[in-house]
Structures are given as structure tokens and as C-alpha cells.
Amino acid sequence: MTLLKAVRGTRDLLPPETELWERVEATTRRVFARYNFGEIRTPIFEDTQLFARGVGEETDIVSKEMYTWEDRARAQSEKSQSLTLRPENTAGVVRAYIEHKMGETGLLQKLYYIGPQFRRERPQKGRYRQFWQIGAEVIGPPSAGSESPLRDAEVLEMLASFLDELGISGWTLVLNSVGCSTDRPRYVAALREALAPVKHQMSEDNQRRAETNPLRVLDSKDPSDEAIVANLPKIADYLDEASKAHFAAVLAALDACGVQYEVNPRLVRGLDYYTRTTFEFTHGGLGAQNALLGGGRYDGLSEMLDGPKAPGIGFAMGLDRLILTLQAGQAESAPTLADAFIAPLSESLNAEALALARDLRRAGLRIDLGDGAFRIKKSFEIGNKLARKIVLLGEDEQRSGILTVKNFATGEQTKIPRGELAQALQNS
RNA sequence: GCGGCUAUAGUUCAGUGGCAGAACACCGGACUGUGGCUCCGGGUGUCGUGGGUUCGACCCCCACUAGCCGCCCCA
């Protein structure tokens with residue numbers, strides 16, 4: 001009988017580390033609310049078709065990284081259905097947008113989510129099979145202004161503010177435009193043409209990419225192929241006038257609010273649905289996984305899912321990596337101390353101690369509670385680890401109604417009437 | 001999915017083909033109403049799992065599992 005363990009690529013998050021997760025989540029909700037985003041919670045699993053059609057049948061995510069199973073039919077009349085743990089959340093959000101006819105409001109929908117996603121990849125540090133993402137989507141009918149470059153810039157500015165507010169410094173915003181739905185195929189065709197005569201000189205990886213996904217050749221980190229990659233056609237030369245103007249307007253808006261960025265004409269994203277603006281925020285010190293978050297515009301996604309025309313832009317941020325980045329900049333966090341530890345000095349005083357704890361907790365204090373079975377020394381040892389102060393409840397205290405309170409930091413010990421205790425603990 | 005490195009106490013790690021170790025942590029005591037500092041005592045372990053070689057394996061060999069690093073890919 002072997003001990004059961006968390007399955008490969010999954011893990012438990014324990015206190016005090018979870019306090020950091022809570023802080024990031026609270027910052028997310030606070031900052032995003034200022035931009036008038038609302039939270040959406042979609043199911044953790046969906047019809048497999050949603051991801052096949054939305055994310056792209058040929059992407060690695062769909063072709064080899066999804067947790068998919070056949071949900072069995074329970075009745076003759078019911079068909080079995082292929083279901084999949086969500087590998088990302090944008091497709092689910094767009095599905096919900098369509099399903100609930102959110103476009104009929106005529107308003108832009110600004111939605112964010114925080115939740116686990118699932119991909120069956122080889123685990124590494126900051127890369128898990130159940131991983132957490134924070135993301136947001138701005139989506140709506142064109143009449144609501146959903147195609148405007150202002151929306152792109154607003155989302156990017158929000159992210160810059162968010163990272164700043166979290167205290168993450170040293171990030172870099174990298175962005176590019178991959179053009180509209182007709183620009184992209186034209187460019188891919190040109191890439192294939194340019195690669196055909198030279199690809200045999202390239203690395204094995206790049207030869208394969210040249211066949212299967214020419215855009216990825218641009219991402220190549222192979223230094224020996226650098227010269228060839230540098231001479232390939234640029235996406236910027238294949239954008240139509242509207243896409244060029246869109247990108248220029250995004251950059252102008254970023255300039256206007258002082259958000260720093262780098263344009264990288266080779267930044268392409270793996271998902272099929274991206275159009276026009278694509279971006280990443282990168283951070284050093286994350287090893288091979290240096291992207292903190294990535295996103296882009298997806299003007300055609302709703303229609304790919306048989307929905308109305310609903311252009312949008314969004315991003316997804318790897319929370320596991322964000323936490324790693326935050327932890328790298330600080331010492332290991334200690335758990336939060338309670339305001340007081342209540343120590344009954346005999347078992348007969350346990351009930352009374354709980355009543356006291358209840359009063360203090362109702363006053364908003366963070367209180368931990370010992371046990372009268374503990375020797376007093378043990379109560380002090382435990383109290384010293386968990387709380388800033390210890391409140392003794394012994395025979396004397398019960399009789400007099402005056403409690404003994406000791407401050408662990410200063411060693412100072414005082415007597416406080418029970419009725420004044422909550423106030424006294426709050427004030428110190 | 002591919003390649004490499006690693007796996008010993010709660011934690012960080014040392015270790016030798018012949019009795020399982022250190023530091024910190026933890027437990028008990030010095031101390032039956034006082035923590036931290038000190039002193040005394042205690043090892044709390046399937047040496048990742050399963051096989052193999054050997055008189056004998058924590059150590060050598062094989063497989064598996066897991067973690068880490070890189071690749072593919074990606075947040």
C-alpha cells in the first residue's frame with residue numbers, strides 16, 4: 001500500500017504561502033474593479049468541441065495537452081459526450097457571452113476571471129498541470145466600440161498598473177500586430193514561400209516548424225538560424241491599412257499615458273484566434289518560462305463559435321509564475337500572528353475560555369485558543385508561536401474578572417478587566 | 001513527447017559494500033501560574049517504489065515513480 005500523493009503536476013498550496021495568493025487575488029479584484037470589470041466564473045470543464053474550434057485543432061494544446069474523457073450516456077436517449085478540463089479560459093468566456101446573448105445589451109462586456117486551468121504538459125517549476133490563471137476579456141458588438149484600439153491600450157495600461165501595484169518591477173511589455181483575418185493567411189503564405197529555398201539549411205526544429213507552423217520559426221531561439229530568420233518577410237509589411245492604423249493608435253495611446261513598451265515584429269502567439277494586437281509581459285528570472293502573461297485581440301473568435309460578430313481583446317496571466325516572481329523578491333513569509341492566544345489554565349475553564357474567545361472575535365480580533373489540559377509552560381510556548389499576546393484565564397482571573405495579559409514582544413504583563421479586554425487588545 | 005541531473009529524519013543536507021548521521025525543527029525534563037535565552041535527555045527513518053547482483057545493498061545494476069533543468073510548446 002503506497003501512500004497517496006498529489007498527482008504529477010498538481011500540488012497543495014499551504015499557509016502561509018496562501019496568504020500571498022490571497023494578496024494577489026485581492027489586488028486583482030481591487031485594480032480590475034477600478035476599470036469597471038466584473039467577475040465571470042465559467043465551468044471547469046466544457047464540451048471538447050469548444051476548445052477544438054476555439055483554440056485551434058492543430059495547436060499543441062488541443063492536439064496533445066488536453067485532459068479529455070468520454071462522459072458516458074446514462075440513458076438510451078442520452079448520447080455520450082466528449083468533455084475536457086479547460087486548458088484556458090477565453091473560449092469559455094466567449095461561449096458564455098454567446099450563450100447568454102450578452103451582446104444584446106449593446107454594451108461592452110468587461111469580464112475577468114481567476115481560476116485553475118489544466119494542461120497535460122511535462123511539469124517544471126512554475127509550470128503545472130493544474131495551474132492558475134487570472135485573465136480578463138473586453139468583448140462586445142462593434143457598435144459598442146469593441147474594435148477600438150483604445151480598448152487594447154486600456155487593457156495594457158491596466159496590466160501595467162496592476163503589476164506596479166503588486167510591487168513587481170523589471171517587467172517588459174512586448175507587443176506586435178499579427179494583422180486581421182485576411183492579413184495573416186497572406187503573410188503565412190509569404191513566409192512559406194520565403195522559407196522554401198532556405199529551410200534545408202536550418203535546424204531540425206525549424207525545418208519542422210516551417211512545415212507545420214511557419215509563424216513559429218520567427219520565435220526561434222536557435223542562434224545558427226538567426227541570419228535566415230532576420231531576412232524573412234516582416235508581418236508589418238503585410239498589414240492592411242486598417243490594421244496598420246489600429247496598431248499605430250494603440251502605440252500612441254500607450255505613449256500618451258507613459259506606459260513603456262517594445263515592439264517585437266517576431267512576437268507571434270500560438271493560439272489560432274489572435275488577430276491584430278498581440279502582447280506579452282516578460283520578466284527576467286523565470287528561466288525558460290519568462291512570460292508572465294500574454295494576450296491579444298481576437299476579433300473573429302465569437303464567429304468561429306457560431307456567435308454574433310463580437311470583437312474582443314484579453315489576456316491570461318500565469319498566477320503560479322507571478323507568485324514565484326513575487327517570492328523571488330522577498331524573504332520567506334511568516335504566518336500572520338493572532339492578536340491574542342487565550343490560555344485556560346485548567347480544563348474546567350475551557351468553556352469559559354471559549355466564551356471569552358467568542359466575545360473577542362465578535363469584536364473583530366484574530367484570536368486563537370489553547371486548552372486547559374496544557375501545562376502553563378506549554379500554553380506560553382504555543383502562544384508565543386501563534387500570537388502577539390497571551391491572555392491567561394486561571395482560577396484568580398475567573399474569580400476576579402480581571403485577566404492577565406502578557407505581550408510577547410515586550411515581556412510586559414498587565415491586568416485588564418474582562419469588559420475592557422477587547423478595547424485594550426485593539427489599541428495595542 | 002524527448003534529453004540530462006536528482007531522490008537519506010518534519011526541513012536543509014552529509015555518508016560508507018559491514019550497527020543510519022549532523023544542523024535546525026519537534027517531544028520530554030530542569031520549571032505544578034510564565035514564552036524567548038540556557039542546560040539535560042529523546043531519532044521521530046520503508047535511505048522514493050519494485051526487482052537484481054552479493055555472505056551482506058542506503059551504497060553497485062535494471063525498471064518504475066516523482067522533482068528539478070533544458071527542448072518541444074506555452075501563461
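Residue numbering restarts at 1 for every chain, and letters A, B, ... go by the order of the sequence lines.
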Pairs under 3.5 Å (Watson-Crick or G-U), crossing ones as [ ], inter-strand ones as |: RNA chain B comes out as (((((((..((((....[..))))((((((.......))))).)...(((((..]....))))))))))))....
Can you check whether A/F32 and A/Y112 have ring centres sitting under 6.0 Å from each other?
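Judged by ring-centre distance (under 6.0 Å), A/F32 and A/Y112 do meet the cut-off.
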Touch class at under 4.0 angstrom, heavy-atom based, for [X] against every strand present:
{"X": "A/N384", "value": "base"}
{"X": "A/G314", "value": "nothing"}
{"X": "A/I390", "value": "nothing"}
{"X": "A/R120", "value": "sugar-phosphate"}
{"X": "A/G295", "value": "nothing"}
{"X": "A/Q413", "value": "base"}
{"X": "A/D396", "value": "base"}
{"X": "A/E280", "value": "nothing"}
{"X": "A/G294", "value": "sugar-phosphate"}
{"X": "A/A6", "value": "nothing"}
{"X": "A/T404", "value": "base"}

Determine, for nucleotides 26-32 of chain B in 5'-to-3' order, which nucleotides have protein heavy atoms under 4.0 Å from the base (write B), from only the sugar-phosphate (write S), or from neither (write -).
S--S---
Where the side chain of [X] is defined as all heavy atoms beyond and including C-beta, which of [options] is the nearest nucleotide?
{"X": "A/R122", "options": "B/rU34, B/rC73, B/rG3", "value": "B/rG3"}
{"X": "A/D60", "options": "B/rG1, B/rC73, B/rC69", "value": "B/rC73"}
{"X": "A/A291", "options": "B/rA75, B/rA66, B/rC73", "value": "B/rA75"}

Report yes if some heavy atom in the side chain of A/R418 is under 4.5 Å from a heavy atom in the side chain of A/L356; otherwise report no.
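Touching, per the 4.5 Å side-chain cut-off.
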Could you tell me whether the side-chain ring of A/F408 sits stacked on the base of B/rG36, using a centroid cut-off under 5.5 Å and a plane angle under 30°?
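No, A/F408 does not stack on the base of B/rG36, since the centre distance and plane angle fail the 5.5 Å and 30° test.
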Could you pick out which residue, A/I61 or A/V7, lies toward the 5' side of RNA chain B when each is mapped onto its nearest nucleotide?
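Nearer the 5' end of the strand: A/V7.
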If you pin A/K406 and A/R119 to their nearest nucleotides in RNA chain B, which one's is more 5'?
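Closest to the 5' end, via its nearest nucleotide, is A/K406.
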If you take any heavy atom closer than 4.0 Å to RNA chain B, which residues from residues 335-345 of chain A end up in contact?
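Residues of residues 335-345 of chain A under 4.0 Å from RNA chain B: A/L345.
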For A/A210 against A/V217, the heavy-atom pair lying closest together
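Answer, listing the atom of A/A210 first, then A/V217: N-CG2, 3.7 Å.
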Indicate, yes or no, whether a donor-acceptor pair under 3.5 Å links the base of B/rG33 to the side chain of A/E397.
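Yes, a donor-acceptor pair under 3.5 Å.
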Between the side-chain atoms of A/E121 and the base atoms of B/rG1, is any donor-acceptor pair under 3.5 Å?
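Check fails, no donor-acceptor contact within cut-off.
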Report yes or no: do A/T42 and A/N89 form a side-chain donor-acceptor pair below 3.5 Å?
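Yes, A/N89 and A/T42 have a side-chain donor paired with an acceptor closer than 3.5 Å.
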Counting only side-chain nitrogens and oxygens, does A/R8 get under 4.0 Å of the OP1 or OP2 atom of B/rA66?
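Yes, A/R8 has a side-chain N/O under 4.0 Å of OP1/OP2 on B/rA66.
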